[in-house]
There are 2 protein chains.
Amino acid sequence: MRVSRAKAAENRERIVDTASRLFREKGFDGVGVDAIMKGAGLTHGGFYGHFRSKDDLAAEAVTRALDRSMERQRRFSNLDDLVSDYLSERHRSDRANGCALAALGGDIVRQSEGVRRGLTAYVREQLDRLACLFRDGGAGNRRKRAIAALAGTTGALILARAVDEPALSDEILAVARDAFGTAPSALQSRRVGGRGRRG
Amino acid sequence: MRVSRAKAAENRERIVDTASRLFREKGFDGVGVDAIMKGAGLTHGGFYGHFRSKDDLAAEAVTRALDRSMERQRRFSNLDDLVSDYLSERHRSDRANGCALAALGGDIVRQSEGVRRGLTAYVREQLDRLACLFRDGGAGNRRKRAIAALAGTTGALILARAVDEPALSDEILAVARDAFGTAPSALQSRRVGGRGRRG
DNA sequence: TGTACATCAGTGAACGCGCGTTCACTGATGTAC
DNA sequence: TGTACATCAGTGAACGCGCGTTCACTGATGTAC
């Protein structure tokens with residue numbers, strides 16, 4: 001039974017959103033067209049009225065996830081808050097709604113050209129944004145610290161998720177929040193005791 | 001046709017090695033039992049004489065990859081060399097023989113309990129090793145820097161591989177080498193010019 | 001050391017299930033008058 | 001505004017391919033005498 005054009009467009013959006021979440025949660029190969037359509041409240045047969053293939057949807061779903069990530073991170077106006085949010089326990093456990101880069105990491109390389117281009121644009125934007133959030137230092141130094149912070153937070157989230165022991169996972173998140181959330185950071189020197197609140 | 005027990009054991013080893021490389025290169029779902037056995041110079045039917053299932057092999061293959069990584073990294077006695085090797089262009093392009101954590105990242109979470117336990121042990125060992133390589137600071141501070149370095153290098157390698165543009169990828173590797181390869185690092189302060197050779 | 005037989009590593013055909021994709025069909029929507 | 005028809009979003013059965021797994025078979029290895 002046909003539905004209105006508005007409803008059809010809405011359905012399409014819901015398919016992309018659902019796929020975006022399911023892919024991050026279970027990986028590209030861990031989710032079938034059937035499950036995605038069911039998750040969007042439809043039947044699988046209608047899929048090809050909206051997309052040319054599962055790969056095409058994957059490209060859109062990753063792009064959407066990255067856009068949402070960017071939106072979320074724009075809400076923070078200082079590095080500490082942004083990093084605390086990114087390295088929160090909520091984000092660690094909520095893969096489905098979290099950073100696509102951390103969730104799909106290595107698999108993205110094997111995706112289509114479009115997906116990788118979208119990801120590259122996201123990384124560039126993210127680096128620019130991080131560089132702005134550093135308060136001190138010249139442009140070159142801020143960019144370097146932005147790269148280190150992006151690599152560090154992404155890696156920390158992946159590690160915290162991969163590791164089996166809650167205590168170690170918590171420790172990784174906590175240390176990384178401290179190391180990458182402020183600049184200069186705990187990485188910097190042989191500071192003993194204190195969490196740098198004074199500085 | 002039956003082969004000698006020694007030859008059979010050797011075949012089994014070759015299957016694990018081949019799988020270890022192919023999984024890192026193409027992901028767990030990107031490689032079939034058929035391809036693995038062919039890569040090891042055998043036919044697929046013999047697979048189940050060696051392993052209970054593909055998942056069982058995956059567990060062994062990841063463990064093997066992590067062991068090899070650990071072996072390689074033991075060869076370096078200072079942090080600079082270790083990080084330079086880990087963040088080299090060779091490692092970026094040679095996924096098949098590189099770090100399993102960076103190559104399989106998010107997918108490992110969805111693997112069996114055994115795999116995750118092996119990975120956790122690897123992370124612990126790696127952190128201890130990195131902490132030793134820092135020359136200054138107390139035990140607590142060294143561990144923190146080890147965590148930051150592990151997260152940073154892992155994240156940087158994943159980013160450098162994910163990104164589409166060679167120049168950006170090179171920049172990420174270079175900056176991360178500088179930031180995580182020495183302590184204190186470029187992250188530390190608003191140092192301008194010079195690569196810290198003097199310090 | 002040599003012979004006879006049991007064992008079993010590896011082979012290749014076959015099975016069966018899941019999944020991406022296709023298609024004939026349905027019936028509500030959109031449009032022309 | 002109302003009616004008649006064409007369109008087309010969604011349905012559910014079916015197809016076909018790939019892949020994990022099984023199995024009867026082969027023939028070299030290992031063992032018992």
Side-chain angles (χ1 to χ4, degrees), chain A residues 1-62 104 107-108 110-112 114-115, chain B residues 1-62 104 107-108 110-112 114-115:
Chain A
M1 22 31 192
R2 191 183 188 181
V3 302
S4 75
R5 282 213 272 266
K7 185 73 187 160
E10 191 185 298
N11 285 344
R12 192 194 141 92
E13 289 305 285
R14 208 168 51 255
I15 295 169
V16 177
D17 278 335
T18 306
S20 173
R21 276 184 285 105
L22 287 175
F23 283 148
R24 275 176 282 176
E25 192 180 333
K26 310 186 179 198
F28 291 119
D29 294 324
V31 193
V33 167
D34 195 17
I36 294 166
M37 291 301 276
K38 193 175 287 178
L42 298 164
T43 54
H44 68 278
F47 182 85
Y48 294 86
H50 289 295
F51 307 95
R52 287 232 317 277
S53 66
K54 189 189 175 189
D55 277 351
D56 265 34
L57 170 64
E60 269 196 61
V62 170
L104 298 170
D107 294 333
I108 276 179
R110 293 182 280 267
Q111 287 297 304
S112 71
V115 178
Chain B
M1 31 11 208
R2 192 182 187 182
V3 302
S4 74
R5 284 213 270 264
K7 185 71 188 163
E10 192 184 296
N11 285 344
R12 192 193 141 92
E13 289 305 286
R14 208 168 51 256
I15 295 168
V16 176
D17 278 336
T18 306
S20 174
R21 275 184 285 103
L22 287 175
F23 283 149
R24 276 177 280 175
E25 192 180 332
K26 309 185 178 199
F28 291 119
D29 294 324
V31 192
V33 167
D34 196 17
I36 294 166
M37 292 301 276
K38 193 175 286 179
L42 298 163
T43 53
H44 68 280
F47 182 85
Y48 294 87
H50 289 295
F51 307 95
R52 287 234 316 278
S53 67
K54 190 190 175 187
D55 277 351
D56 265 34
L57 170 64
E60 269 196 60
V62 170
L104 298 171
D107 294 333
I108 275 180
R110 292 180 280 267
Q111 288 297 303
S112 71
V115 179

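The chains referred to below are lettered A, B, ... by the order of the sequence lines, with proteins before strands, and numbering in each begins at 1. Atom set for the values below is all heavy atoms of this structure, side chains included, hydrogens, waters and symmetry mates excluded.
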Tell me, please, which residues at least two apart from A:Gln111 pass side-chain hydrogen bond (donor to acceptor under 3.5 Å, both in side chains).
none
Tell me the ring-ring contact (aromatic ring centres under 6.0 Å, His included) pairs involving residues 1-21 of chain A, sequence neighbours left out?
none
Quick check on DNA chain C: between A:Arg52 and A:Arg5, whose nearest nucleotide comes earlier from the 5' end?
A:Arg52
Please map the stems of DNA chain D, keeping only stretches of three or more Watson-Crick or G-U wobble pairs with both distances under 3.5 angstrom.
C:2-33 with D:2-33
So, are B:Glu10 and B:Arg5 salt-bridged, with charged N and O less than 4.0 Å apart?
no
Filter on ring-ring contact (aromatic ring centres under 6.0 Å, His included), then keep only pairs touching residues 12-41 of chain B, sequence neighbours left out; what's left?
B:Phe23-B:Phe28
Please output the side-chain donor-acceptor pairs of residues 33-53 of chain A that fall under 3.5 Å, not counting sequence neighbours, one pair per line with the distance.
residue : atom : partner : partner atom : Å
A:Ser53 : OG   : A:Asp55 : N            : 3.4
A:Ser53 : OG   : A:Asp56 : N            : 3.2

Could you tell me the boundaries of the chain A footprint on DNA chain C, defined by atoms under 4.0 Å from its heavy atoms?
C:dG20 to C:dT31
Output all residues satisfying side-chain hydrogen bond (donor to acceptor under 3.5 Å, both in side chains) with B:Arg24, sequence neighbours left out; order by chain, then residue number.
B:Ser20
For B:Leu57 and B:Ala19, work out which heavy atoms get closest and say how close.
CD2-CB, 3.7 Å
Enumerate the residues from residues 31-50 of chain A whose closest heavy atom to DNA chain D is under 4.0 Å, giving them by residue number; use none for an empty result.
A:Leu42, A:Thr43, A:His44, A:Gly45, A:Gly46, A:His50
Heavy atom of residues 9-23 of chain A under 4.0 Å from DNA chain D: which residues?
A:Asn11
Residues that B:Arg110 engages under salt bridge (Lys or Arg N to Asp or Glu O under 4.0 Å), provided they are two or more places apart:
B:Asp107
Hits for side-chain contact (heavy atoms from CB on, under 4.5 Å) against A:Asp17, two or more places apart or cross-chain, chain-then-number order -> A:Arg64, A:Arg68
Taken in chain and number order and not counting sequence neighbours, the residues that satisfy side-chain contact (heavy atoms from CB on, under 4.5 Å) with A:Ala8 are A:Val3
